[in-house]
There are 2 protein chains.
Amino acid sequence: MTTRTQTRDPAGRLALNQILQGDCIEIMRSLPEASVDLIFADPPYNLQLRGDLHRPDNSRVDAVDDHWDQFSGFAAYDAFTRDWLAAARRVLKPDGAIWVIGSYHNIFRVGTELQNQGYWMLNDVIWRKSNPMPNFRGKRLTNAHETMIWASRSEGSRYTFNYEALKSLNEGVQMRSDWVLPICTGGERLKDAAGDKAHPTQKPESLLHRVLIGTSNPGDVVLDPFFGTGTTGAVAKMLGRNFIGIEREEAYIQAAKRRLARIRPYDGMAIATTTSKRSEPRIPFGQLVERGMLRPGEELYSIGNRYTARVRADGSLIGNDVKGSIHQVGAALEGAPSCNGWTYWHYRREGKMVSIDALRQQIRAEMENRPN
Amino acid sequence: MTTRTQTRDPAGRLALNQILQGDCIEIMRSLPEASVDLIFADPPYNLQLRGDLHRPDNSRVDAVDDHWDQFSGFAAYDAFTRDWLAAARRVLKPDGAIWVIGSYHNIFRVGTELQNQGYWMLNDVIWRKSNPMPNFRGKRLTNAHETMIWASRSEGSRYTFNYEALKSLNEGVQMRSDWVLPICTGGERLKDAAGDKAHPTQKPESLLHRVLIGTSNPGDVVLDPFFGTGTTGAVAKMLGRNFIGIEREEAYIQAAKRRLARIRPYDGMAIATTTSKRSEPRIPFGQLVERGMLRPGEELYSIGNRYTARVRADGSLIGNDVKGSIHQVGAALEGAPSCNGWTYWHYRREGKMVSIDALRQQIRAEMENRPN
DNA sequence: GTAAGCTATGAATCTCACA
DNA sequence: GTGTGAGATTCATAGCTTA
């Protein structure tokens with residue numbers, strides 16, 4: 001397979017923010033070594049599905065039976081994993097890191113090979129789906145999570161970890177290794193011309209938001225060797241990171257290009273992450289940003305409409321040179337000892353002012369069903 | 001190493017409900033094949049990699065010579081894993097299944113070897129710790145979970161899965177692959193003579209409760225090749241399962257024996273399984289049983305004291321031949337279309353009637369510190 | 001116009017006894 | 001071994017239709 005897109009610009013430098021079409025192993029081998037800060041990879045899971053599956057109402061489940069997920073067996077899948085992980089390691093900078101997402105079908109083989117190649121595991125992170133598909137036949141547990149492995153290139157790598165930014169996203173409490181986020185549905189889910197899903201396994205932007213905020217910096221180069229419809233590129237562009245996408249399927253590339261063209265990066269102020277210590281409990285305000293309920297850079301208005309502040313990507317606010325939580329910034333602007341930011345701040349939708357507390361109520365309503 | 005305990009009784013049958021001292025690989029090889037229904041294994045991952053573990057003849061060593069030390073460590077661990085999993089598979093009945101618990105240090109290697117040997121993965125299950133140790137250095141995410149793999153002996157195995165019992169434990173909703181349970185602390189944590197913890201990684205009984213209720217039946221033989229201080233045996237005994245424990249360390253065996261001697265099995269009826277507070281998180285009634293707040297077999301009293309029902313191990317009730325959730329049984333007894341079982345049922349403590357809702361409030365208060 | 005009800009769908013290794 | 005028929009089996013959410 002040939003690469004239709006140039007991997008270098010006219011000056012010989014790595015060409016950024018574009019999609020390279022072709023086999024990711026070949027293309028990564030053609031890229032300059034030690035040129036990438038972070039890799040996010042969503043490789044084929046090697047699902048081994050038997051017959052059709054129907055819901056109790058007799059509707060048929062749309063299975064992931066695409067040709068790119070077919071392997072002849074574990075040996076073939078292991079060889080594939082070995083090759084792409086080795087090629088990926090070569091293009092990583094010495095202090096670079098990688099994320100790989102998978103399910104029980106493939107993640108153990110990926111993790112073993114990561115360790116074999118000298119990657120250094122930092123965490124395994126559980127994406128707990130708030131709305132997974134149930135087990136229709138009642139023969140197993142609801143498969144309600146996927147596993148991500150976060151590993152640095154080597155044991156000694158000084159990897160990027162924005163501890164305070166993640167703590168801020170979690171409203172002042174240390175971020176844990178289990179992340180509760182909804183699957184990608186609704187308006188975020190890309191559709192093809194026929195109205196069907198453009199890609200069978202599109203990941204939610206909230207997941208990539210947290211990954212990139214936590215383990216990369218603005219200006220970094222983020223590589224996704226299984227680009228699909230470009231969630232990694234989309235979030236990277238929003239957050240001021242550079243991306244390189246590699247994808248084989250023409251249809252996915254076209255969908256990704258259309259998607260990326262619509263993305264507008266947040267401005268630098270919104271992307272800057274908190275470095276100060278803070279503390280608060282309960283529903284993290286940052287979840288509103290992660291879930292796309294509020295956009296980084298979006299303006300909030302005080303209860304009397306006298307002050308404004310802007311939302312930042314890590315869930316902190318900035319207004320009149322004051323940075324901090326929704327509560328801290330509100331208190332500072334009012335000259336008050338304290339302030340309930342949830343009732344103090346409002347956002348504008350369709351010309352009307354709405355309290356951000358409405359968004360918190362919305363999340364709480366979702367959580368009611370699945371508190372665990 | 002010699003086995004100090006007999007693996008057969010005088011009649012030549014498998015000796016049950018005792019601890020066999022020695023190396024689990026040797027002992028499992030001496031047990032009759034196809035004699036065990038379920039295995040629960042908590043293998044070590046911090047093996048001292050001395051010369052006593054035979055190195056496998058693995059030809060991939062050259063490919064990773066720049067990480068020789070790591071790989072030789074992994075190779076030794078892989079050989080150990082290969083041997084004990086093979087010995088375990090031999091003693092499993094054709095329809096038997098295995099649980100293995102681990103962390104990112106070892107679970108990927110265990111999972112890969114399980115697949116290589118022909119075990120068939122059913123679920124990977126996340127134990128989400130509600131009170132994990134924080135990461136003090138702030139260089140990684142709080143490691144707040146452990147991973148369990150549930151696999152049948154073979155692809156075609158007709159494994160045990162008590163779907164309704166688990167659904168009942170989860171208050172009528174299908175049990176998911178992520179389980180929120182506290183770590184083992186307080187009175188449940190075994191102490192040695194010096195008052196220190198008797199075992200470094202004692203698992204909570206609530207975890208084993210859910211495993212055994214969900215994937216074994218009363219009378220089954222449950223084998224734990226890394227018995228430690230005997231959590232598997234203790235819960236098996238409570239729930240009317242037979243256990244075989246294998247453990248090398250004399251101190252752990254002694255602690256486990258003392259522990260097991262104190263356990264009283266629940267009776268058969270209790271073990272049998274079934275086939276505005278709105279904004280507050282939902283607490284499954286089954287958690288009260290799992291956490292030991294209510295005992296299987298304990299009697300509950302209706303609000304007017306006209307009816308009684310007994311608690312069963314899966315969190316269901318039985319009263320007047322009616323079996324089901326606290327709400328269902330209450331509704332049936334009252335002849336009402338619905339009933340709030342939380343306010344309907346009371347239990348007796350020191351002669352006084354107490355609403356079970358008080359227990360729910362207690363759990364909710366604990367959860368408030370860790371809302372996520 | 002609003003509320004209630006109905007339909008669609010998501011990375012899924014998803015039945016079993018008997019002839 | 002394979003084929004067949006009876007029987008068991010779903011949660012959260014988005015979006016559309018009906019009352």
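To find a chain, count down the sequence lines: A is the first, B the second, and so on, and within it residues start at 1. Both backbone and side-chain heavy atoms feed into the values below; hydrogens, waters and symmetry mates do not.
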Crowding at CZ, A/Arg50 (>12 non-hydrogen neighbours, <6.0 Å): yes
Nearest-angstrom distance, [atom1] atom, [N] to [M]:
| N | M | atom1 | answer |
| --- | --- | --- | --- |
| D/dT10 | C/dG10 | C1' | 12 Å |
| D/dG7 | C/dC14 | P | 23 Å |
| C/dA17 | D/dT9 | P | 14 Å |
| C/dG1 | D/dA19 | C1' | 12 Å |

Would you indicate what [X] reaches in the nucleic acid, counting non-hydrogen atoms under 4.0 angstrom: base, sugar-phosphate, or nothing?
| X | answer |
| --- | --- |
| A/Ser103 | nothing |
| A/Asn135 | base |
| A/Pro204 | nothing |
| A/Gly187 | sugar-phosphate |
| B/Lys167 | sugar-phosphate |
| A/Asp42 | base |

Report the distance from atom [atom1] of [X] to atom [atom2] of [N], rounded to the nearest whole Å.
| X | N | atom1 | atom2 | result |
| --- | --- | --- | --- | --- |
| A/His105 | C/dA12 | NE2 | C1' | 6 Å |
| A/Gln70 | C/dA11 | CD | P | 17 Å |
| A/Phe71 | C/dA11 | CZ | P | 19 Å |
| A/Asn46 | C/dA12 | CG | C1' | 13 Å |
| A/Phe136 | D/dC11 | CZ | P | 10 Å |
| A/Met293 | D/dT13 | CE | C1' | 13 Å |
| A/Asp57 | C/dA8 | CG | P | 9 Å |
| A/Lys191 | D/dG15 | NZ | C1' | 10 Å |

Any carboxylate oxygen within less than 4.0 angstrom of a Lys/Arg side-chain nitrogen, looking at [X] and [Y]?
| X | Y | value |
| --- | --- | --- |
| A/Glu298 | A/Arg349 | yes |
| A/Asp178 | A/Arg176 | yes |
| B/Glu164 | B/Lys323 | no |

May I ask you to check whether [X] and [Y] show a side-chain donor-acceptor distance below 3.5 Å?
| X | Y | result |
| --- | --- | --- |
| B/Trp99 | B/Thr215 | yes |
| B/Ser154 | B/Arg89 | yes |
| A/His105 | A/Ser103 | yes |
| A/Arg360 | A/Ser355 | no |

Quick check on [N]: is either OP1 or OP2 less than 4.0 Å from any side-chain nitrogen or oxygen of [X]?
| X | N | answer |
| --- | --- | --- |
| A/Arg55 | C/dA12 | no |
| A/Lys129 | D/dC11 | no |
| B/Tyr163 | C/dT15 | no |
| A/Lys139 | C/dC16 | yes |

Which stems, defined as runs of 3 or more consecutive Watson-Crick or G-U wobble pairs with both pairing distances under 3.5 Å, involve DNA chain D? C:2-10 with D:11-19, C:15-19 with D:2-6
Heavy-atom nearest nucleotide on DNA chain D for A/Thr185 versus A/Met133: which residue maps closer to 5'? A/Met133
Closest to the [X] side chain: [options]?
| X | options | result |
| --- | --- | --- |
| A/Arg189 | D/dC11, C/dA12, C/dG10 | C/dG10 |
| A/Lys197 | C/dA12, C/dG10, D/dC11 | C/dG10 |
| A/Pro134 | C/dC16, D/dT10, C/dA11 | D/dT10 |

Heavy-atom nearest nucleotide on DNA chain C for A/Ser59 versus B/Met121: which residue maps closer to 5'? A/Ser59
First encountered from the 5' end of DNA chain C, between A/Asp62 and B/Tyr119: A/Asp62
Full working for side-chain contact (heavy atoms from CB on, under 4.5 Å) between A/Leu49 and A/Asp65: CA-CA 8 Å; A/Leu49 307 179; A/Asp65 53 4; 5.6 Å; no
Could you check if a side-chain atom of A/Met353 sits within less than 4.5 angstrom of a side-chain atom of A/Arg348, using non-hydrogen atoms only? yes
Are side-chain heavy atoms of A/Tyr252 and A/Leu190 found at a separation under 4.5 Å? no
Do side-chain atoms of A/Asn123 reach the backbone of A/Val125 as a donor and acceptor pair under 3.5 angstrom? no
Return the polar atom pairs (N/O with N/O) between nucleotides 3-8 of chain D and the protein under 3.5 Å, or none.
from: D/dG7; atom 1: N2; to: A/Arg137; atom 2: NH2; distance (Å): 3.2

